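The structure appears below as structure tokens.
In each ligand, atom 1 is the first atom listed, and ligand 1 is the first ligand listed. Since this is a predicted model, take the numbers as computed values, not measurements. We count residues from 1, following the sequence as given.
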Amino acid sequence: MEQYAIKGGNPLVGEVEIGGAKNAALPILAASVMTDETVYIENMPDVRDTNVLLCAMENIGVIVKRTDRHKVTLNASNISELVVEDENIKKIRASYYLIGALLGKYKHAEVALPGGCDIGCRAIDQHIKGFRALGAEVKIEHGLIKTHAEHLRGSHIYMDVVSVGATINIMMAAVMAEGTTIIENSAKEPHVVDLANFLNSMGANIKGAGTDVIRIKGVSHLHGTEYAVIPDQIEAGTFMFAAAVTKGDVTVKNVIPKHLESITAKLLEIGCEVEEADDCIRVVASKPLQHTQVKTLPYPGFPTDMQPQITVALGLSKGTSIVTESIFENRFKYVDELTRMGANIKVEGNTAIIDGVSRYTGANISAPDLRAGAALVLAAMSAEGFSTVDDIRYIERGYEDFHLKLQGLGAQIELVETERDLQKFKLKIG
Ligand code: UD1
């Protein structure tokens, strides 16, 4: 019964070190199978999703060594299997990156259909369309996506929707295809750019990542590399909003401020002070929060992965705010839990209409998915009284040492496993 026990009401104050980006680390790990030489990766987050992927990679013969908590070396010269059916791999979204990576290198891959957070229909038609355009056959059988190609040939692919996953997968499949591939309407997220930089450091020829047209000239092989994963935009944004909701003063360190611009802009709009330096950002929330409107959009728009966190903040802001979710249709499930803490939010379709309240009150709540789980922890930290947050395995998928980092900022939060631990925590905090 692992859960977080939280006593709210403390403003969070201090500095917090942000780790490597989960959503960049996952495709980078998968892409490491595309060379027979050794790959060294630094700034690897130690979170459940990356560990599940590493385990699945070991199961197909990749030699994985963690040289310390955040450094890993991989060698895929002796891959023994092109079928990835690991029980756990089905639970993570990024399992499908092994399709693009294995198809690109070995022209064959069979991978269990991806899971991930239940935040709406998560189609893979654009991935399939891309693989087929490159000359692969794709079929779905017995819960596996099976792809095979005699030759992969560069192609001109127009994406019908902006998809991070499809852009990344097609990029990997195209890296060693014959000729040139052009991906139009590609995703521009920092982790798309990070993967392109990683592949280029292995000898790939990818241009335009970070714009909506990516050009890939196929190369015959990729070599080993040393690479550091970019800082996690969403972990940083979550701690920035933790400052806002607890009326705190938090500096996020080891970040790329450019990646956080849409988040910074909203924090300024709702009345926080934000100071930027080269690789850190300080957020101070000394004044009452103000209402605003926000719509989630692909990068550089406001990230859908920050939607629950901003909603929690707007629930405590003066006036009426509107949050529109334009990426995933089922991403307001946490609102029921927030309502139990006193929020006044009405959801109509993909829009939440939020009438700010002056405070939340503690409650026993459950994390419905990764980002919403983190957002509910923020709500509990701002709330009057005591809360528990269940189903924290979702939060552990993407946040390393979440409760420890929050403790470092003065939060009264503990990971408890038994009723006895819970009672002990309650006695300790009084
Ligand atoms: C990735 C991130 C996730 C983030 C999301 C949007 C990872 C592991 N996950 O998810 O945290 O919330 O980007 O920034 O990096 N779509 C299709 N057909 C497809 C693919 C996608 O219609 O073939 C649609 C989806 O249903 C969704 C939208 O496109 O509405 C965006 O999805 P996508 O960018 O692919 O998200 P993921 O890569 O799954």
Side-chain angles (χ1 to χ4, degrees), residues 20-31 45 47-53 56 89-101 111 113-133 138 140 145 147 157-173 183 185-195 212 229-230 232-235 237-238 259 262-263 295-310 324-332 349-350 369-375 394-395 397-399:
K22 167 184 89 81
N23 288 350
L26 291 165
I28 285 174
L29 286 177
V47 293
R48 189 160 292 170
D49 276 16
T50 50
N51 292 330
V52 167
L53 183 61
I89 198 81
K90 293 179 198 156
K91 295 184 190 146
I92 68 166
R93 191 76 197 147
S95 55
Y96 60 30
Y97 290 146
L98 286 172
I99 311 172
V111 179
L113 269 172
C117 283
D118 179 16
I119 51 178
C121 161
R122 301 184 79 173
I124 52 164
D125 56 302
Q126 299 304 305
H127 303 238
I128 294 174
K129 171 177 157 172
F131 297 147
R132 287 193 175 134
V138 185
I140 297 179
I145 308 179
T147 59
I157 302 163
Y158 189 91
M159 312 282 288
D160 302 315
V161 292
V162 178
S163 161
V164 172
T167 303
I168 284 178
N169 237 339
I170 297 168
M171 204 154 75
M172 290 193 288
I183 310 174
N185 199 26
S186 53
K188 297 181 275 209
E189 268 66 5
H191 33 295
V192 173
V193 179
D194 208 33
L195 174 70
D212 45 23
V229 176
I230 51 166
D232 198 308
Q233 174 203 29
I234 306 300
E235 187 194 13
T238 302
H259 295 167
S262 63
I263 295 165
K295 181 175 182 178
T296 62
L297 287 169
Y299 190 82
F302 191 85
T304 173
D305 284 359
M306 286 299 302
Q307 181 263 99
Q309 299 87 318
I310 195 170
T324 307
E325 172 56 58
S326 82
I327 313 285
F328 293 110
E329 72 278 7
N330 196 13
R331 221 171 179 173
F332 284 121
N350 67 344
D369 62 63
L370 163 59
R371 304 303 173 185
Y394 289 115
I395 300 172
R397 289 185 47 193
Y399 291 89

Checklist entry - At a 4.0 Å threshold, what atoms of ligand 1 neighbour a non-hydrogen atom of T304? => result 6 (C), 12 (O), 14 (O)
Item to check | Ligand-residue contact atoms, ligand 1 with G165, heavy atoms, under 4.0 Å | outcome: 35 (O), 38 (O)
Looking at non-hydrogen atoms alone, which of [options] comes nearest to [atom]?
atom	options	result
atom 4 (C) of ligand 1	L370, D305, I327	D305
atom 18 (N) of ligand 1	I128, I234, D125, V162	D125
atom 34 (O) of ligand 1	V164, I168, L297, T167	V164

Ligand 1 to [X] polar contact by distance, N or O atoms, under 3.5 Å:
X	result
F328	no
Y96	yes
K22	no
V161	no

Checklist entry - Is the closest heavy atom of R331 to ligand 1 under 4.0 Å? => result yes
Item to check | Aromatic plane relationship, H259 with Y299 - under 30° parallel, 30 to 60° tilted, over 60° perpendicular | outcome: perpendicular
Checklist entry - Who pairs with A173 by side chain to side chain contact (heavy atoms under 4.5 Å, CB included), at least two apart in sequence or on another chain? => result L103, F131, L134
Checklist entry - For Y399, what residues pass the ring pair (Phe, Tyr, Trp, His ring centres under 6.0 Å) criterion, not counting sequence neighbours? => result F402
Item to check | I234 to Q309 - nearest heavy-atom pair and separation | outcome: CG2-NE2, 4.1 Å
